[in-house]
Amino acid sequence: MIAEVIINITAKRLQKTFSYIVPEELFVRVGTRVLVPFGHRREEGVIVALHPADSVQHDYVLKPISSVLSVQTGFQEEMIATALWISDYYLCSMSDSLRLFMIEKKGIVAHTYVTVENRDMLLQLNGKNIWEYLENKKNEEKKILCNQFGQAFIEKLIEKHALKEEKQLQNKIADKTEKWLYFVDDDCQSILKNRKKQMHLLAELKENGPAPLSFWIQKGYSRDIIQHLVQTKLAAIDIRLKQTVDLTEKEAADKPWQLTPEQEHAVTVIKNDTKGSTYVLHGVTGSGKTEIYMDLAEQVIARGRQVIVLVPEIALTGQIVRRFIRRFGNDIVVMHSQLSKGERQNNWLRMQKEESHICIGARSAVFTAVSNLGLVIVDEAHDSSYKQDETPRYHAVAVARKRASYYRCPVILGSATPSLDSYYRAQKGEYVLLELSRRVQNKPLPDVRVVDMREELARGNRSVISDALATLLDQTLACRQQAIILLNRRGFSTFVMCRKCGYVVKCKTCDVAMVYHKSQHNLRCHYCDTEIPVPVVCPSCGSKYIKFFGTGTEKVEEQLHDRYPQARIIRLDQDTTGRKNSGDKIIEAFRRHEYDILLGTQMVAKGHDFPEVSAVGILSADSLLNLPVYWAGERTFQLLTQAAGRSGRGNVPGHVVMQTYAPEHYVIQCSKYQDYKSFYEKEISYRQELLYPPFHQIVKITVTYEDESFMWKAGNRIFDLLAAWRLRYDQNIEIIGPYVDTIKKIRNKFRIIVLIKGADLVKIKKYIKEEAEFHKTGIIIDVDPSI
DNA sequence: AGCACGCCGACT
DNA sequence: GTCGGCGTGCTC
C-alpha cells in the first residue's frame with residue numbers, strides 16, 4: 001500500500017502531500033498519525049489517503065513509514081475530508097487545517113541526549129566531573145547538562161568528540177491518568193477485625209463503586225489507610241484515564257415546563273429531518289431556545305448519536321452550559337479555554353470513544369472528534385466570535401455545516417438576530433426558517449426609548465447620561481431592580497490632545513491614538529497593549545495644555561458613582577476581566593444581585609439571562625454604525641437588539657434608553673421595535689444594490705511588513721497577478737486595491753489590503769491556492785472576512 | 001519549517 | 001585560500 005501523508009509542520013510553502021510505502025506489519029488507515037522520514041530528519045504526518053502500490057507511478061524512490069505514532073488520537077475519515085475542504089475553501093495549508101482537529105499540535109517532541117564518546121579525551125579536557133556525572137546515568141538530556149556545566153563547555157567537548165549527542169524523538173501524545181481504588185472482595189472479617197477505618201472504606205467502596213484516590217482522600221481516608229487496605233488485596237488500585245466531569249448524577253430537577261406550541265413545532269420539524277438541513281431558529285430574546293436545544297439533544301442521544309453545541313466564548317461558563325450539565329451529567333464534555341492540555345485530550349478521547357455524547361464549547365469545539373454526529377447546535381449563531389481571526393480564518397458555522405453534511409444530520413443556527421447571510425439563505429430555501437415570535441409565558445418585549453443626544457446638548461445637558469436615562473436609572477434603583485449600561489469603548493478618555501498645537505498622543509508602534517486609563521493612570525494602546533506614563537507637557541510643543549477627550553467605560557463608572565453613591569456598580573470589559581476569563585465571576589455576582597448596575601462594553605449584551613434587570617442604557621448607539629465597513633448596520637442592529645433584550649426577562653417589564661445622534665436611522669428605528677424583518681428588508685436591498693455579501697463573496701488579502709516600500713512592492717505584485725488572472729479568465733470579478741488599511745500600522749508593521757469581490761470566486765481561489773506568491777510570510781488571506 | 005547548496009565579499 | 005552571509009530549492 002501507498003499512503004499519502006500531510007507533514008505536520010507549519011510551512012506556508014509546503015502545500016502538498018508526500019507518498020510513503022506502508023510496511024506490511026503496520027496497521028494504518030486514513031487519519032492515522034505516523035512518523036515518516038522527511039529529508040534528513042523525521043517528522044510527524046497524517047495519512048489522508050491510501051491506495052494500492054501499483055496504482056500510481058512515481059519518478060522518485062518511495063521511503064517507508066517509520067512507525068505509527070498513535071492510533072488512539074488519529075482522525076475519522078470525515079475529519080480528514082473536512083480538513084481538506086477547509087484548506088481549499090479558506091486557502092490555508094493542509095497542515096494548518098489538520099491541526100485544528102488536534103489537541104497536541106505536534107505528536108512528537110525531540111530531545112537531545114548526551115553520552116560519553118571518548119573517556120580519555122573527556123578527562124584530558126578537564127571533564128572529570130562530567131565523567132562522574134554520566135558514569136552511572138549513562139546519558140543525560142543536553143539541556144540539563146548545559147545548565148549544569150555551561151553550554152559553551154559542553155559544545156566544545158562534543159566538537160572534540162569527547163562527548164556524543166544523539167537526537168531522540170518522543171511520542172508526545174500521552175494520555176492523562178489517575179489512580180482509582182476499586183473493590184475486589186469482602187470475605188474479610190478476620191483480616192480487618194481491628195481495623196475500623198479500613199472496614200468502613202471497604203464497605204463504602206463496595207456500595208458506591210470505584211472512584212479516584214483523590215475522592216477517597218477528600219472523604220477523610222488517609223493515603224496510609226488506602227495503602228493498608230490495598231495490601232490486604234481486598235481492594236486494588238488501577239490507572240484510568242482522568243475524568244474531567246465529576247461523577248455527580250444528573251439532576252432531573254431542570255425538567256422543562258410544557259413547550260409552547262411554537263417550540264413544539266420547531267422540535268417536531270427538526271426531529272423529522274432526514275436530509276441534514278440547516279435550520280435558522282429565529283427567536284426573539286427570551287423565547288426559550290435552550291429548551292428546544294435540550295429536547296432535541298436528548299432525542300439524538302437516545303438514538304446513540306452525538307451532539308456538538310457551540311456557544312460564544314463569553315457564554316461558556318454561563319447559564320446555558322450549566323443547564324446542559326444539569327440535564328445530561330456525565331454524558332457531556334465541556335471544552336473551555338482554561339482546561340489543561342491533558343484535560344482537553346481526555347475530553348477529546350471521551351467523545352471519540354463515544355463515552356460522552358455531547359460536547360459543548362466555543363468556536364474550536366466544532367472540531368470535536370465525533371464518530372457518529374447527529375446534531376450541531378450553534379447558539380447565538382450571529383456572534384462574531386465564530387469567525388477565527390487568525391489563520392486558518394474559518395467560520396465555525398461553515399465548518400459545522402460541512403461536518404453535518406457528511407453525517408446527513410441537521411444544524412441549528414439559533415439567534416434573536418440571525419446573520420443577514422443565514423436569513424437570506426433561508427429566504428432562498430437553502431436553509432429552513434423556524435420562527436419563535438413570542439417570549440415564554442408571553443412576557444412583553446421591552447419598551448425602548450430613543451434619545452437624540454443633539455437635543456440633549458441643546459438643552460444644556462453635557463453629560464454622557466441623558467435625562468431620560470437618568471430618570472430610568474432613578475426609578476430602577478428605587479425599585480431595587482438592576483440596570484445594564486452599554487458603552488462600546490473601554491478606558492477613561494479615548495484620546496489625549498494638546499490644546500495648543502493639536503498634537504494627539506499616538507502609540508510608538510501602531511498608528512492609533514492612545515487611550516487614557518485612570519485606574520492605572522497611564523496611556524494604553526488597544527492594539528499592542530503598550531503602556532506609557534501620562535505626559536505632563538505636550539511631547540511636541542512643550543505646552544502644559546494637555547487635555548483628555550472622549551468617554552470610555554471608566555469615566556462613565558466614575559460619573560455613575562458620583563450620581564448614585566449608594567448604588568453598587570461593577571464594570572465588565574477587557575480591563576476588569578483580565579486575561580483569565582474572570583468575566584463570568586462578574587456576571588454571576590451581578591446575577592445574584594450583588595451589584596445594582598452592570599456597566600461595560602459589548603460583553604454585557606451577549607446572551608446572558610438576568611431576571612432582575614429591568615433597565616438597559618445604550619450610551620452611544622451609533623458608535624459602530626459609522627465605521628466604514630459594509631456590515632456596520634448589521635453589527636449595530638445585532639448589538640442594540642441583543643442589549644435591549646437583556647431587560648425584562650423576569651417579572652418586571654423592561655425599559656431601554658438608546659442614546660444616539662441619528663435617531664431616524666433605520667438601524668436605530670428597527671432595533672427600537674425589535675423589528676428584525678424590516679431591518680432585514682432594508683439591509684438586504686442595500687447589500688444587493690452595492691453587491692456586498694451575501695450577493696458577492698469577498699476574499700481579503702492583507703500585506704504586512706515592517707519595510708513600507710517592500711510592502712508596497714509585494715502588494716502591487718499581488719494585485720498585478722490577480723488583475724492579470726482576471727483579465728484572462730473572468731472579468732466579472734473585481735480586484736480592488738492595494739489600499740492602506742484603516743489602521744496603517746500595527747506593532748511596527750505597515751498594512752495594506754487587496755480585495756477580491758465577485759459572485760463566484762471558486763476559480764480564482766483555486767489559482768491563489770496554487771500560486772506560491774500568495775503563501776509567503778507577511779501575506780494574510782481571509783475568505784469571507786468579517787472585518 | 002529546516003537544512004544543504006552555492007554564490008559572493010571580507011578576512012587570517 | 002577560507003569563513004560566513006543569505007538567496008534558492010528540496011523534502012516522498
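Here is how names work: the chains are called A, B, and so on, in the same order as the sequence lines, proteins then strands, and each is numbered from 1.
- Thr10(A) comes within 4.0 angstrom of the backbone, heavy atoms only, and of no base.
- Side chains of Ser66(A) and Arg42(A): a donor-acceptor N/O pair is present below 3.5 angstrom, by distance only.
- Whole-Å rounding puts the Phe38(A) CZ to dG2(B) C1' distance at 9 Å.
- No engagement by Val5(A) is indicated, since no non-hydrogen atom pair under 4.0 Å with the nucleic acid exists.
- Counting non-hydrogen atoms under 4.0 angstrom, Lys16(A) reaches a base of the nucleic acid.
- The only member of Lys745(A), Arg751(A), Lys506(A) that meets side chain to side chain donor-acceptor pair (under 3.5 Å) when paired with Asp511(A) is Lys506(A).
- Aromatic ring orientation, Tyr630(A) versus Tyr692(A): parallel (interplanar angle below 30°, classes split at 30° and 60°).
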Mind listing the N/O atom pairs, protein and nucleotides 6-10 of chain C, below 3.5 Å?
none

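- Judged by distance alone, the side chains of Glu140(A) and Tyr133(A) do bring a donor and an acceptor atom under 3.5 Å apart.
- For DNA chain B, none of the residues of residues 80-102 of chain A falls under the heavy-atom distance limit of 4.0 Å.
- Partners of Thr32(A) according to the side-chain hydrogen bond (donor to acceptor under 3.5 Å, both in side chains) rule, which considers only residues two or more places apart in sequence or in another chain, do not exist here.
- Backbone-only contact: Tyr20(A) has heavy atoms under 4.0 Å from sugar-phosphate atoms and none from a base.
- Inspection of the His51(A) and Glu4(A) side chains reveals an N or O donor paired with an N or O acceptor under 3.5 Å.
- At the heavy-atom level, Leu14(A) lies under 4.0 Å from base atoms of the strands shown.
- The aromatic rings of Trp725(A) and Tyr729(A) are tilted relative to each other, their planes meeting at an angle between 30° and 60°.
- Spacing between atom CD of Glu44(A) and atom C1' of dG2(B) amounts to 16 Å, rounded to whole angstrom units.
- The only option from Val699(A), Val783(A), Ile781(A) that meets the side-chain contact (heavy atoms from CB on, under 4.5 Å) definition with Ile756(A) turns out to be Val699(A).
- For Phe710(A), the CZ atom sits in a loose shell: 12 or fewer heavy atoms of surrounding residues, nucleotides or ligands are nearer than 6.0 Å.
- One atom, CD1 of Ile47(A), and another, P of dC12(C), lie 16 Å apart when rounded to the nearest Å.
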